[in-house]
Asker: 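Dumping the structure here so I can ask a few things about it.
One-based numbering, in listed order, for ligands and for the atoms of each.
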Amino acid sequence: MQNTFPVTLVEATLLTPRVRHLKLKRLDGTPLEFTPGQFVSFHFAAQGEGEKEVRRSYSLASIPGKSNEIELALGYVKGGIASEALFAAEPGDTFNMSGPYGRLILRDEAPKRYILVATNTGVTPYRSMLPALAERLHHLKVVILLGVQKKEDALYSADFLAYAKQYPNLDFRLCYSRETEKDTLQAFEYLGYVQAQFDLLDPTPDNDIVYLCGNPNMIDAAYELLKERGFSAQQVRREKYVS
Ligand SMILES: Cc1cc2nc3c(=O)[nH]c(=O)nc-3n(C[C@H](O)[C@H](O)[C@H](O)COP(=O)(O)OP(=O)(O)OC[C@H]3O[C@@H](n4cnc5c(N)ncnc54)[C@H](O)[C@@H]3O)c2cc1C
């Protein structure tokens, strides 16, 4: 196992009925240096002879400067190798990890607006980016669109709402694909898929840079809509959560 380092689970809590928030630390006590938006990989030993090591990736949820812990949000996939191992894990358990990796990071660029779109745990990188986004909010706008099935599935919404309250240029919208009750929605809540928000936000290649993270179907559907609006691949950053 090259370039891996041992980590231990410090704390695990349920963020939603199907998402577990993990706090881990490196066994040698050193912090993990990373750029918000990056991910780490767990390496699970091969289960039998002739089998390969299993590797699974998770975006870093950690907010830089807040703590040295490696925070992750893990969605449960029934029977999944990593899901079963990490949902059963208890404080003190150790794992092999590598990273950080990934290029879904904020760059030196100056759109008039960022539109950061996610489904479920795909919103994790945007949580990590919050302080870096806040630094840019005096000269540009940021829209964060989180799509989940039901209200109970919304993860980290308190963090996004707290920033939205403090920074009027940050617009956080929560979209439910399987709720139907319109009357009880708050101002930041919407019915329908995240990509349906494009009709309201009217993104244009001159104004916007769009990030898409999470479910591959959402990413493909959203990217098609953006291409119809004239976006090129460089203006749409994508990270698909595939095994
Ligand atoms: C760059 C990157 C970052 C990622 N970040 C995160 C993250 O922050 N949080 C997170 O929860 N996941 C994330 N993922 C997905 C994660 O790496 C695993 O793919 C996921 O946890 C499933 O792994 P598993 O071993 O539990 O299931 P597997 O053993 O891989 O799969 C078991 C079965 O379930 C199916 N399956 C796999 N995933 C899903 C799914 N999502 N829904 C339904 N069926 C599925 C498989 O096809 C297979 O049949 C990320 C993936 C990538 C590539």
Asker: Which pairs pass salt bridge (charged side-chain N to carboxylate O under 4.0 Å, His left out) with one or both residues in residues 116-129, sequence neighbours excluded?
Answerer: E71-R127, R127-D159
Asker: Check this for me, if you would: do E109 and R237 make a salt bridge, where the nitrogen-to-carboxylate-oxygen distance has to be below 4.0 angstrom?
Answerer: yes
Asker: Is it possible for you to check whether R238 lies under 6.0 Å from the centre of the six-membered ring of F231, through NZ or CZ, and within 45° of that ring's axis?
Answerer: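 Cation-pi check for R238 and F231: fails.
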Asker: Using distance only, find each side-chain donor-acceptor pair of residues 9-17 under 3.5 Å and give its atom names and separation, not counting sequence neighbours.
Answerer:
| unit_1 | atom_1 | unit_2 | atom_2 | d |
| --- | --- | --- | --- | --- |
| T16 | OG1 | R18 | N | 3.1 |
| T16 | OG1 | V19 | N | 3.1 |

Asker: Run the salt-bridge test on D199 and R229 with the 4.0 Å N-O cut-off and return the result as yes or no.
Answerer: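 The answer is yes: the pair qualifies as a salt bridge.
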Asker: What residues come within 4.0 Å of ligand 1, counting heavy atoms only?
Answerer: F39, R56, S57, Y58, S59, A73, L74, G75, V77, G80, I81, A82, S83, T121, E239, K240, Y241, V242, S243
Asker: Can you give each donor-acceptor pair under 3.5 Å made by side-chain atoms of residues 77-88, sequence neighbours left out, with the distance rounded to 0.1 Å?
Answerer:
| unit_1 | atom_1 | unit_2 | atom_2 | d |
| --- | --- | --- | --- | --- |
| S83 | OG | V77 | N | 3.1 |
| E84 | OE1 | Y76 | OH | 3.3 |
| E84 | OE2 | Y76 | OH | 2.6 |
| E84 | OE2 | G79 | N | 2.8 |

